[in-house]
Amino acid sequence: MTGETPASAPVRVVRLLRVREGREADFVESYHGVLERAVRSPGHLREQLCRSVDDPGQWLLTSEWASLDAVKRWRADPDHATLVGPMNACLHDDRWTGVFEIMPEGARKPRRS
């Protein structure tokens, strides 16, 4: 592999977010609206929302998809920007998103030196 995730490999999208103080309830409500639509999107497998114990303003959102193509279709959906708009309005700009290939269970373990 050349370092690129195959379009058909399962992936996990990880978002590290900072919710504006006082907007937590709005964020969670709007997240559930996005989730209702995401679960109907082809290739969406599961999702989890977590709040930091040490820093309650920091949240972690993860979603698992059957493929990178499924994520791209979800993001390219004409309604996507409108749908996530209310959720993003609750966030500070310092957010991070990464997409990770999920390694197969039998993936070779790295050698110890």
Side-chain angles (χ1 to χ4, degrees):
M1 190 166 13
T2 63
E4 292 185 21
T5 299
S8 61
V11 296
R12 181 164 292 129
V13 178
V14 178
R15 297 190 70 202
L16 190 57
L17 312 167
R18 180 156 299 283
V19 176
R20 295 179 188 277
E21 191 172 338
R23 299 294 310 270
E24 297 86 358
D26 295 333
F27 170 72
V28 171
E29 182 179 338
S30 58
Y31 163 77
H32 285 291
V34 172
L35 179 59
E36 285 177 19
R37 177 70 166 73
V39 298
R40 294 192 314 267
S41 186
H44 182 272
L45 302 175
R46 63 189 52 85
E47 187 125 357
Q48 191 170 45
L49 181 64
C50 307
R51 188 176 190 177
S52 172
V53 209
D54 298 321
D55 180 358
Q58 190 172 58
W59 295 67
L60 176 70
L61 191 161
T62 63
S63 58
E64 192 172 317
W65 296 81
S67 68
L68 183 57
D69 284 344
V71 173
K72 288 178 179 179
R73 282 192 302 274
W74 162 247
R75 289 177 173 172
D77 183 310
D79 296 330
H80 183 264
T82 304
L83 187 63
V84 299
M87 186 176 83
N88 288 340
C90 299
L91 302 175
H92 288 283
D93 290 336
D94 61 339
R95 51 189 109 149
W96 178 86
T97 301
V99 180
F100 297 84
E101 177 182 359
I102 299 172
M103 302 307 293
E105 291 289 325
R108 188 174 179 170
K109 294 181 182 177
R111 285 190 251 172
R112 295 181 186 213
S113 17

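- When every heavy atom of A89 is checked against every heavy atom of R23, the shortest pair comes out as O-NH1, 3.6 Å.
- Side-chain contact between E47 and V39: absent, with no pair of heavy atoms (C-beta onward) separated by less than 4.5 Å.
- Checking T97 against R15 by side-chain atom types alone, a donor-acceptor pair falls below 3.5 Å.
- Side chain of R20 to backbone of L91: a donor-acceptor contact under 3.5 angstrom is found.
- Side-chain contact between L49 and F27 is present, with at least one heavy-atom pair separated by less than 4.5 Å.
- Under the 4.5 Å side-chain criterion, counting only non-hydrogen atoms from C-beta, R73 is not in contact with S41.
- Considering all non-hydrogen atoms of both residues, V28 and W59 come closest at CG2-CH2, 3.7 Å.
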Practice item. Starting from the C-alpha separation in whole Å, work towards a yes-or-no answer on side chain to side chain contact (heavy atoms under 4.5 Å, CB included) for Q58 and L16. Key: CA-CA 7 Å; Q58 190 172 58; L16 190 57; 3.8 Å; yes
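- Salt-bridge annotation for D93 and R95: present, with a side-chain N of the basic residue lying under 4.0 Å from a carboxylate O of the acidic one.
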**Study point:** Working for side chain to side chain donor-acceptor pair (under 3.5 Å), residues W65 and S67
**Key:** CA-CA 5 Å; W65 296 81; S67 68; over 6 Å; no
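- Put simply, the side chain of R37 reaches to within 4.5 Å of the side chain of D77, judged on heavy atoms.
- For the pair E101 and R12, the minimum side-chain heavy-atom distance is 4.5 Å or more.
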Check your understanding: Going through the checks in order, is the side chain to side chain contact (heavy atoms under 4.5 Å, CB included) test met by Y31 and V19?
Key -> CA-CA 12 Å; Y31 163 77; V19 176; over 6 Å; no
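- No close placement of the H44 and W74 rings is indicated, their centers lying 6.0 Å or farther apart.
- A distance-only check finds a donor-acceptor pair linking the side chain of R40 to the backbone of E36 [under 3.5 Å].
- A continuous path of Ile, Leu, Val, Met, Phe, Trp and Tyr side chains, each step under 4.5 Å between heavy atoms, connects F100 with L60, placing both in one hydrophobic cluster.
- Residues meeting the side-chain contact (heavy atoms from CB on, under 4.5 Å) test with E29, sequence neighbours left out: none.
- If you take CG on L35 and CD on Q48, they are separated by 11.5 Å, rounding to the nearest 0.5 Å.
- The minimum heavy-atom distance linking L83 with G33 is given by the pair CD1-O, 4.2 Å.
- At least one side-chain heavy atom of I102 sits less than 4.5 Å from a side-chain heavy atom of E64.
- Rounding to the nearest 0.5 Å places CZ of R18 at 6.0 Å from CG of D94.
- Among all heavy-atom pairs drawn from G43 and A70, the shortest one is CA-CB, 3.9 Å.
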